[in-house]
K.L.:
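Dropping the structure in here first, questions after.
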Amino acid sequence: MGYRAENLLGILKATTPMLLGMIGVIILALPLRLFEGIGPTPIIPLVVVFFWSIYAPDYLPSVSVFFIGILQDLLTGGPLGLWAVVYLVTQFVVMSQRAYFHGREQKVVWLGFALVAGGVSLMVWLVMSLMSGVLLPVRTLLGQMAATVLIYPLFGIAFGQLHHRVLVEG
Amino acid sequence: MEFLGQDRREGLGRRVNSRFVLILLILVSSLLLLSSLYSAQASVFQKAREGVIDATAPVLAIFSGPVGYINDVFGNVGDYFNVLEQNKALREENAELRQWMDEALELRRIVSSYEGLQTYQAPPDAQPIDAHVIGEANDAFARSMIVNAGRGKNVEVGQAVVDDNGLVGRIVDTGSRASRVLLLTDIQSRVPVYIDGANVEGLLIGKTRDKPSISITEGSDDIEITPGQRVLTSGAGGVLPRGLPVGVITGQGRNDDILVDLYTNYARTRIVRIINYEFPTVDADGSDEAAIQDETVEAGAPAEG
């Protein structure tokens, strides 16, 4: 009995980052319309992928990242595979720079996230422009990325607490 | 589920196959992306989209209620500050609408007398389906909404979606209890329209900006288009009914685009109506057998000759 409960808790802990990513995707599909539709909705799954790829990639295996991306593609109705590629490439790039980010100040990590968000914007814009055959306006995308970068410290702290207090220690 | 049961002792050391799996998945999703470029409407993808819409509809429905309530409260705060101007504008609009009502009543009387004529055949009635907006793609390029009516309520792909202001978009995916509406601002959106008073037919093309533009398909060379002219659906292509209000022309953008200011306000669209409109077809109910025979004769004639 105790063993099973522990097992269940283990599964819950191991899947928490993936669940958070999926909640982030659901938030992207809610009619939030922040500030009368002017405020863009931050892309929380990107924060989830970035954070766990730096601090504990084992808690967010690439299969989970893949499913988060596919869910986002299916739910927002975009081309299938776009966000899966974006999140997986993000994980690849971030994991290759893990050693640099470890033990750095949060400001530096935030800057790193801003760079990643810039790269992601470029990638999404390029793919969507290629698919639609015209150079698309970038303003909405940059607004959304700016919102994501702005909220990063908040979620970074929250995820940090969650990871260390609950997932690892608890 | 290999990642289960790992504790912090192993936490820092990555597994050997991790990078291999990662690269493999990047390849897989790139392939998916490439294939969706060529076959966006492939039945597998379509099924997956519909399944996900159906699966997430209950979750979205639960959250969209409180979200809408909060939006209403915050929207109202803004309204308190300009209540006087709004009141004045509404009174003026009301006076104007009363005149229109008189005219409409008069026209209704005339039309009903025409309908009494024997040669008149009424066009089929549209059967509206009402639905709530429960989801919205908050994506930079994909513009769509999810509404809580699906195949269970006879919603079909291609049907027009309107709100109390005008055309919102059209249905692109239908699950059993929820559907996706492609908005007019999406880059994939193409809606046949005409400009009232200019005798011009065109396509309304979404550009992910707030204002879609019109590309003219039919009309004379020297077309006079002035800001303020109304844009309505033309019904060309036989998908959307003719005459749904879309917006007004605001002028020309860069590249000589004709920009359209939509009547509908996507930031406030909460309740929509899906128009289940069937185009009149000759062999719709078989009652008009002479017409069907005429057509088969006509269709057969060139083959014989």
Side-chain angles (χ1 to χ4, degrees), chain A residues 7 10-11 14 26-33 35-38 40-41 56-59 61-66 69-82 84-85 88-89 91-92 95 121 124-125 127-128 130-132 134 136-145 168-169, chain B residues 2-6 8 10-11 14-15 18-19 21-23 25-26 28-37 40 45 48-49 52-53 56 59-60 63-64 67-68 71 74-75 78 133-142 144-146 172-173 180 182 187-188 207-209 266-268 270:
Chain A
N7 227 0
I11 291 173
I26 297 278
I27 288 174
L28 275 173
L30 280 175
L32 287 179
R33 298 168 185 171
F35 310 108
E36 295 257 308
I38 300 164
T41 312
D58 292 335
Y59 281 82
S62 17
V63 182
S64 305
V65 176
F66 177 74
I70 290 290
L71 182 72
Q72 184 170 341
D73 288 328
L74 290 174
L75 205 54
T76 55
L80 192 63
L82 171 63
V85 173
L88 285 167
V89 169
Q91 189 174 45
F92 184 81
M95 271 169 69
S121 315
V124 171
W125 178 76
V127 172
M128 290 305 285
L130 270 175
M131 292 191 110
S132 59
V134 286
L136 294 167
V138 289
R139 209 171 50 186
T140 338
L141 182 65
L142 289 182
Q144 196 172 23
M145 282 302 168
V168 179
E169 306 278 332
Chain B
E2 287 171 19
F3 54 93
L4 294 185
Q6 282 189 333
R8 73 194 126 135
E10 304 170 61
R14 288 204 310 278
R15 273 163 293 126
S18 179
R19 181 153 295 217
V21 174
L22 182 52
I23 290 171
L25 283 170
I26 289 177
V28 168
S29 36
S30 307
L31 278 176
L32 267 178
L33 189 58
L34 272 178
S35 59
S36 67
L37 182 67
F45 297 160
R49 275 198 206 100
V52 164
I53 291 176
T56 49
V59 184
L60 292 174
F63 285 110
S64 65
V67 164
N71 275 344
F74 281 100
V133 174
I134 54 169
E136 182 172 310
N138 293 302
D139 194 280
F141 299 122
S144 63
M145 286 182 184
I146 299 172
V172 286
D173 296 324
R180 178 189 306 287
L182 192 73
I187 39 166
Q188 291 177 38
K207 298 248 164 121
T208 76
R209 295 192 194 90
Y266 288 136
R268 296 208 167 186
R270 296 274 300 282

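FYI, side chains are in, hydrogens and waters are out, and symmetry mates aren't considered; it's all heavy atoms of this structure. The structure presented is a predicted model; accordingly, all values stated were derived computationally and were not measured.
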K.L.:
Shorter than 4.5 Å, heavy atoms on both sides: which option in A:G81, A:S121, A:G143 has the most such pairs with chain B?
P.N.:
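Of the candidates given, the most pairs with chain B belong to A:G81.
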
K.L.:
Closest heavy-atom contact between B:I187 and A:M128?
P.N.:
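Smallest interatomic distance, heavy atoms only, reads CD1-CE, 3.9 Å.
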
K.L.:
Where do B:V52 and A:L71 land on the side-chain contact (heavy atoms from CB on, under 4.5 Å) test, with the steps shown first?
P.N.:
CA-CA 8 Å; B:V52 164; A:L71 182 72; 4.2 Å; yes

K.L.:
May I ask you to test the A:F66-B:I26 pair for a side-chain heavy-atom distance under 4.5 Å?
P.N.:
no

K.L.:
Please report the closest heavy-atom contact between A:S62 and B:V21, naming both atoms and the distance.
P.N.:
OG-CG1, 3.8 Å

K.L.:
Is chain A contacted by the side chain of B:L25, its backbone, both, or neither, given a heavy-atom distance below 4.5 Å?
P.N.:
both

K.L.:
With rounding to the nearest 0.5 Å, note down the distance linking CZ in B:R180 to CG in A:L74.
P.N.:
8.5 Å

K.L.:
Rounded to the nearest 0.5 Å, what separation is found between the CD atom of A:Q72 and the CG atom of B:D139?
P.N.:
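That separation rounds to 6.5 Å.
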
K.L.:
Are A:D73 and B:L32 close enough, and set up right, to give a side-chain contact (heavy atoms from CB on, under 4.5 Å), and what steps lead you there?
P.N.:
CA-CA 11 Å; A:D73 288 328; B:L32 267 178; over 6 Å; no

K.L.:
Side chain, backbone, both or neither: which part of B:S64 has a heavy atom under 4.5 Å from chain A?
P.N.:
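Contact with chain A involves both backbone and side-chain atoms of B:S64.
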
K.L.:
Less than 4.5 Å to any heavy atom of chain A: does that hold for the side chain of B:T56, its backbone, both, or neither?
P.N.:
side chain

K.L.:
By a 4.5 Å heavy-atom criterion (distance strictly below it), what part of A:F92 contacts chain B: side chain, backbone, both, or neither?
P.N.:
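Both parts, backbone and side chain.
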
K.L.:
Which bit of B:I134 is near chain A, if near means a heavy-atom gap under 4.5 Å: side chain, backbone, both or neither?
P.N.:
backbone

K.L.:
Roughly how far, to the nearest 0.5 Å, is the OG atom of B:S29 from the CD1 atom of A:I70?
P.N.:
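Interatomic distance, A:I70 CD1 to B:S29 OG, rounded to 0.5 Å: 6.5 Å.
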
K.L.:
Identify the heavy atoms of A:T76 and B:S144 that sit nearest to each other, and give their distance.
P.N.:
O-OG, 3.6 Å

K.L.:
Report which part of A:I27 has an atom under 4.5 Å of a heavy atom belonging to chain B: side chain, backbone, both, or neither.
P.N.:
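Contact with chain B involves the backbone of A:I27 alone.
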
K.L.:
Please report the interatomic distance CG(A:L75) to CG(B:L60), rounded to the nearest 0.5 Å.
P.N.:
6.0 Å

K.L.:
Which of the residues A:V89, A:T140, A:L142 is involved in the greatest number of heavy-atom pairs with chain B at under 4.5 angstrom?
P.N.:
A:T140

K.L.:
After noting the C-alpha distance and the side-chain angles of A:L136 and B:K207, does the key distance pass the side-chain contact (heavy atoms from CB on, under 4.5 Å) rule?
P.N.:
CA-CA 7 Å; A:L136 294 167; B:K207 298 248 164 121; over 6 Å; no

K.L.:
Using side-chain heavy atoms (C-beta onward) and a distance below 4.5 Å, is B:F141 in contact with A:V124?
P.N.:
yes

K.L.:
Name the member of A:T41, A:V127, A:V134, A:L30 that forms the most heavy-atom pairs with chain B at distances under 4.5 Å.
P.N.:
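Heavy-atom pair counts peak at A:L30.
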
K.L.:
Do B:L22 and A:L88 have side chains that get closer than 4.5 Å, going by heavy atoms?
P.N.:
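In short, these two side chains touch, coming nearer than 4.5 Å.
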
K.L.:
Side chain, backbone, both or neither: which part of A:Q144 has a non-hydrogen atom closer than 4.5 Å to chain B?
P.N.:
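Only the side chain of A:Q144 comes within 4.5 Å of chain B.
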
